[in-house]
Amino acid sequence: MEREQIGDCVLYCGDCRDVLPTLGPVDAVVTDPPYGVGLAYETYDDAREAYCRSVPVWCAMIQAATQGPIALSCGVANIHLWPPPAWVLAWHKPNSMRRVMTGWNTWEPVLLYGKPRGKKTSDCFTVSIVPHLDTGGHPCPKPLGWATELLDRLTQPYEVVLDPFAGSFTTGVACVQLGRRFLGIEIEPRYFDIGCRRIEEACRQLTLFPSPATRAVPRQLALEVTP
């Protein structure tokens, strides 16, 4: 298991089932697990059967990681595999053209568990899918706006946010920009390296151009995690 700390972000390269039991509790979880649709990851088996077996294990470990809110993207076809959420947010994707039985799909559910601590706003948000040249060919990176919208709704500045399926670490980049501390876990070494570079660049940009959300972050709250 590889571990890197970059600013207030701690990044792990390993299986979340191995890493999560070693961590303390976090304030919130914002994550995007695989969908079980056969995408070509580096080593992970995205077959439907493997996904169905994994969901109960993932769910139990995610819920054990926090008493705070959890936001989880699962895809329309997988809602029934996860425990009933407290609410379902709607991510509107106006430029999506995925074929479905009625024509094409332009929205995606985000399952919400626990009580959000962020701003009060609509349970629907619109974020277009756009190419990100810095995600290194990840097969399904979420747009930065997806993570930003969820962090705004669920969390407060300085809180610790966990993403156990970090992928290209979009949630981590959004945490840096919004003044949240971040724990990210990614099983694929290539995507982990890409994530480290993205977090480093986000921290560098923040140093050059501080945002109102991060100017007053107390240094004593810097994230320290015992490996």
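Counting from 1, the numbers follow the sequence of the chain as shown.
Formation of a donor-acceptor pair under 3.5 Å by the R153 side chain with backbone atoms of G118 is not found in this model. Judged by distance alone, with hydrogens and angles left aside, the side-chain atoms of T148 form no donor-acceptor pair with the main-chain N or O of A174 at under 3.5 Å. A donor-acceptor distance shorter than 3.5 angstrom exists from the side chain of R117 to the backbone of D27, with no hydrogens or angles considered. In this structure a side-chain-to-backbone donor-acceptor pair under 3.5 Å is missing from Q5 to V10. In this structure, the side chain of R17 does not engage the main chain of V57 through any donor-acceptor pair within 3.5 Å.
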Run the side-chain contact (heavy atoms from CB on, under 4.5 Å) test on W146 and V30 for me, step by step, so that the C-alpha distance in whole Å, both residues' side-chain angles and the decisive distance to 0.1 Å come before the verdict. CA-CA 10 Å; W146 169 89; V30 174; 4.1 Å; yes
Could you check I187 against C16 for side-chain contact (heavy atoms from CB on, under 4.5 Å), going step by step and ending with a plain yes or no? CA-CA 7 Å; I187 194 171; C16 66; over 6 Å; no
Quick one: do I185 and F192 satisfy side-chain contact (heavy atoms from CB on, under 4.5 Å)? Show the steps, please. CA-CA 8 Å; I185 307 169; F192 174 78; over 6 Å; no
Between V29 and Q63, is the side-chain contact (heavy atoms from CB on, under 4.5 Å) condition met? List the steps. CA-CA 9 Å; V29 176; Q63 290 180 326; over 6 Å; no
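Taking both residues in full, the closest heavy atoms of C175 and V161 are given as SG-CB, 3.8 Å, listed atom of the first, atom of the second, then distance. Of all heavy-atom pairs between F165 and E186, the closest is C-OE1, 4.2 Å. In plain terms, the two heavy atoms of I129 and K93 that are nearest each other are CD1-CD, 3.8 Å. Pairing each heavy atom of L162 with each of A65, the nearest pair is CD2-CB, 3.9 Å. Considering every non-hydrogen atom in both D163 and T31, the closest pair reads OD1-OG1, 2.7 Å. Among all heavy-atom pairs drawn from E4 and C196, the shortest one is CG-SG, 4.1 Å.
Contact annotation: the side chain of S73 approaches that of K142 to within less than 4.5 Å [non-hydrogen atoms, C-beta and beyond]. Using a 4.5 Å cut-off on side-chain heavy atoms (C-beta onward), R181 and C9 make no contact. Side-chain contact between Q67 and P25 is absent, with no heavy atoms from C-beta onward closer than 4.5 Å. V173 is listed as a side-chain neighbour of I199, based on a closest heavy-atom distance under 4.5 Å. Between Y158 and D8, every side-chain heavy-atom pair lies at or beyond the 4.5 Å cut-off. Looking at heavy atoms from C-beta onward, L23 lies in side-chain contact with Y12 at the 4.5 angstrom threshold.
For the atom pair CD of Q156 and CZ of R180, the computed distance is 7.0 Å after rounding to the nearest 0.5 Å. We find the OG-CD distance between S122 and E149 to be 9.5 Å, quoted to the nearest 0.5 Å. Rounded to the nearest 0.5 Å, atoms CG (L151) and OG1 (T171) are 6.5 Å apart.
Under the 4.5 Å side-chain heavy-atom criterion for ILVMFWY residues, no single connected hydrophobic cluster contains both L72 and W107.
Comment: E49 does not engage R53 in a salt bridge, judged by the lack of any side-chain N to carboxylate O separation of less than 4.0 angstrom. We find that R198 and E201 are not joined by a salt bridge, their nearest charged nitrogen and carboxylate oxygen being 4.0 Å or further apart.
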Donor-acceptor contacts under 3.5 Å from residues 80-91 side chains, at least two apart:
residue : atom : partner : partner atom : Å
H80     : ND1  : A77     : O            : 3.2
W82     : NE1  : Y51     : OH           : 3.0
W87     : NE1  : D123    : OD2          : 2.9
W91     : NE1  : V127    : O            : 2.9

